[in-house]
Amino acid sequence: MTTATEEFRSARDFLLEHRADYAGACEGFAWPRPAHFNWALDWFDVIAAGNDRTALHIVEEDGAETRLSFAEMSERSNRVARWLRERGVAAEDRILVMLGNQAELWETALAAMKLRAVVIPATPLLGPADLRDRVERGRVRHVIARAEDTAKFADVPGGYTRIAVGGRPEQGWEAYEDAYTAPAEYLPDGPTLADDPLMLYFTSGTTARPKLVEHTHTSYPVGHLATLYWIGLKPGDVHLNISSPGWAKHAWSNLFAPWNAEATVFLFNYTRFDAARLMAEMDRARVTTFCAPPTVWRMLIQADLGLLATPPREVVAAGEPLNPEVIEQVRRAWGVTIRDGFGQTETAVQVSNSPGQVLKSGSMGRPSPGYRVELLDPVSGAPGAAEGEIALDLSERPVGLMTGYHGDPDRTAEAMAGGYYRTGDIASRDADGYLTYVGRADDVFKASDYKISPFELESALLEHEAVAEAAVVPAPDELRLAVPKAYVVLAAGYEPGPDTAKAIFEHSRQVLAPYKRIRRLEFGALPKTVSGKIRRIELREATAQGSANEYREEDFR
């Protein structure tokens, strides 16, 4: 066992020992900062040696299953690494990986790490235009994609190696399955520096062109010790995280955090969300820890949560803030409380409600062990504000922070200005150090000179039984300059129309202060990124243009 492995294990075990002792964890935790570290070789292969416990368990919609042990995953990734090296994959080469939740995705991730190649994760939902952008800006030299998606690359120029997974590959594409014939022994061709690049993530782009976030061999593998702590993972757990491959949360909770804990990664693949079937598979797999985005939680509470006979020990939510009404419904049905957390593609989890801590309604918790979180005053930029931009103190730079925005030094300098990494998100802090999310700096707006947090208003709307999802943006108003407008997705059994609009306006008047009330309302689907986040920029643009389908509060007085 290498010194780097021992240092990593020691830090991991400290967090396991203090899983319910937040104060002790924050006081005693120190980030491992080895000079050399390769998570696949120095951690995964070490815990996989002779280990027949299940590392990966995938269930398909038709009932087919894949189960692979830690030892099998180690051997398979060795074969894939050997085979890829024969095809010219070298250290720091960029590999665009566009696969679904299938074993080859995890094999490729481990193999690329062993080769010191750089992975650019991509969701299979991407089209040719997005792929051209990623291949060009990411300087991609190799592509690994599902055979069914290879046609998307027909008009994507570049001299990249083409490897297809599953099915008969098209002309010019090699069959990934040939990798299984390669030798099972793998020797690296050189040491891995801890700061060598490992991943390049294109952000989801809710308001602008996707940024290219660069992570290293420590910033995500080691940084997600914080994510392990937040989720409450333990060795032997069975962890289910619902997330699309290609996005950062998938790496957070379907790769690094569970395997840092020596837990099983469980996946259920479906084409259309079915709450009852999902809960049946969770029972059958004996899922002990569960993470899902707010969209999934909101769909779950539309079903009979009592169908889950054995609820998980730990349940968490991430991606966007989770509304208190959803948390309360799950608590009543399952007897466990969804614990919110806050992080970004650029980081691991920065702020969270960790296991065993006092929970405050609406709060996303306190800073993770190893993170110094400040709120910067919106005017002066000074730390210590009661409400301000969430920022990380770089004088004690957390390991789980990106290197920067690849190829964009100006944007990196702006994000890291003044000795702080600035998240672009606004929060408030109470006397006990708990942080409550207010909104993206770009999303918070003023109405009648009062500051409005869309998240607060959306949470209030979700308390009404007719509302399944909601997004609030400013609408132009001659008197107040701007007023809150809500776009609403209705729950099953409710129809759009004046009666439903009237009921929602009445609810708004009952639960919100006058200056916060919803003054405009429109029914319909919410535009989202492929990672499931609401594209508020589209809603703001549509609102500015006006709509004949809009209801106004004054029409119902």
Side-chain angles (χ1 to χ4, degrees), residues 273 275 294-306 317 320-333 338 361-362 437 439 443-445 447-448 450-480 482-528 534-536 538-540 542-557:
F273 184 79
T295 298
V296 169
W297 283 113
R298 288 192 283 264
M299 289 190 291
L300 272 171
I301 65 171
Q302 301 296 315
D304 179 5
L305 293 175
E320 291 182 300
L322 190 62
N323 311 92
E325 176 63 20
V326 179
I327 296 172
E328 182 55 34
Q329 289 195 42
V330 173
R331 182 190 291 121
R332 289 198 300 264
I338 304 172
S361 180
Y437 188 80
D443 293 335
V444 175
F445 62 94
S448 298
Y450 289 96
K451 187 166 61 176
I452 301 292
S453 163
F455 173 66
E456 181 184 358
L457 275 59
E458 291 157 7
S459 295
L461 288 173
L462 280 173
E463 294 174 4
H464 193 280
E465 59 185 4
V467 179
E469 284 192 282
V472 173
V473 296
D477 183 83
E478 291 183 3
L479 178 63
R480 302 177 180 89
V483 294
K485 176 175 179 176
Y487 288 85
V488 170
V489 177
L490 293 173
Y494 290 89
E495 295 294 331
D499 291 343
T500 306
K502 181 180 179 182
I504 294 174
F505 279 129
E506 288 177 350
H507 171 74
S508 166
R509 287 195 291 272
Q510 291 170 6
V511 300
L512 292 170
Y515 71 91
K516 296 180 182 179
R517 288 176 187 165
I518 302 301
R519 306 287 182 170
R520 310 279 188 271
L521 180 65
E522 188 168 335
F523 299 112
L526 301 179
K528 295 183 179 181
I534 297 168
R535 280 189 55 83
R536 296 175 191 275
E538 290 188 21
L539 296 178
R540 290 198 295 268
T543 301
Q545 293 172 4
S547 170
N549 299 318
E550 178 181 270
Y551 294 93
R552 296 190 170 218
E553 184 197 32
E554 56 263 32
D555 296 337
F556 296 95
R557 288 177 179 172

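FYI, the numbering just counts along the sequence from 1.
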Engineer: State, to 0.1 Å, how close A460 and L512 come at their nearest heavy-atom pair, and which atoms those are.
Structural biologist: CB-CD2, 3.7 Å
Engineer: Closest approach of T543 and P474, non-hydrogen atoms and distance?
Structural biologist: CG2-O, 3.5 Å
Engineer: With rounding to the nearest 0.5 Å, note down the distance linking CD1 in I518 to CG in L457.
Structural biologist: 4.5 Å
Engineer: Output the distance between atom CZ (R517) and atom CD1 (I452), rounded to the nearest 0.5 Å.
Structural biologist: 12.0 Å
Engineer: Evaluate the ring planes of F455 and Y437, with Trp represented by its six-membered ring, and classify them as parallel (under 30°), tilted (30 to 60°) or perpendicular (over 60°).
Structural biologist: perpendicular
Engineer: Can you see which heavy atom on L461 is nearest to which on A486, and at what distance?
Structural biologist: CD1-CB, 3.6 Å
Engineer: Would you call E325 and S459 a side-chain contact if the rule is heavy atoms closer than 4.5 Å?
Structural biologist: no
Engineer: Answer yes or no: is there a side-chain heavy-atom contact under 4.5 Å between F273 and L300?
Structural biologist: yes
Engineer: Is there any salt bridge (charged side-chain N to carboxylate O under 4.0 Å, His left out) pair reaching into residues 460-471, and which pairs are they, with sequence neighbours excluded?
Structural biologist: R298-E469, E469-K528
Engineer: Counting distance only, does the side-chain N/O of T500 pair as donor-acceptor with the main-chain N or O of E495 below 3.5 Å?
Structural biologist: yes
Engineer: Nearest 0.5 Å, please: how far is NZ in K485 from CZ in R552?
Structural biologist: 8.5 Å
Engineer: Which distance, rounded to the nearest 0.5 Å, do you find between the CG of D477 and the CZ of R520?
Structural biologist: 5.5 Å
Engineer: What is the distance from atom CG of L490 to atom CD1 of I504, rounded to the nearest 0.5 Å?
Structural biologist: 5.5 Å
Engineer: Give the minimum heavy-atom separation between P476 and A544, together with the two atoms involved.
Structural biologist: CG-CA, 4.5 Å
Engineer: Drop me the distance from R331's CZ to I338's CD1, to the nearest 0.5 angstrom.
Structural biologist: 9.0 Å
Engineer: Indicate the atoms forming the closest heavy-atom contact of L539 with P527, along with that distance.
Structural biologist: CD2-CD, 3.5 Å
Engineer: Tell me the closest heavy-atom pair linking Y551 and A501, and the distance in Å.
Structural biologist: CG-CB, 3.8 Å
Engineer: Using the rule given for side chain to side chain contact (heavy atoms under 4.5 Å, CB included), can you reason through V467 versus Y494, listing the C-alpha separation, both sets of side-chain angles and the distance that settles it, and then say yes or no?
Structural biologist: CA-CA 9 Å; V467 179; Y494 290 89; over 6 Å; no
Engineer: Hey, are K502 and E553 close enough for a salt bridge, meaning a charged N less than 4.0 Å from a carboxylate O?
Structural biologist: no
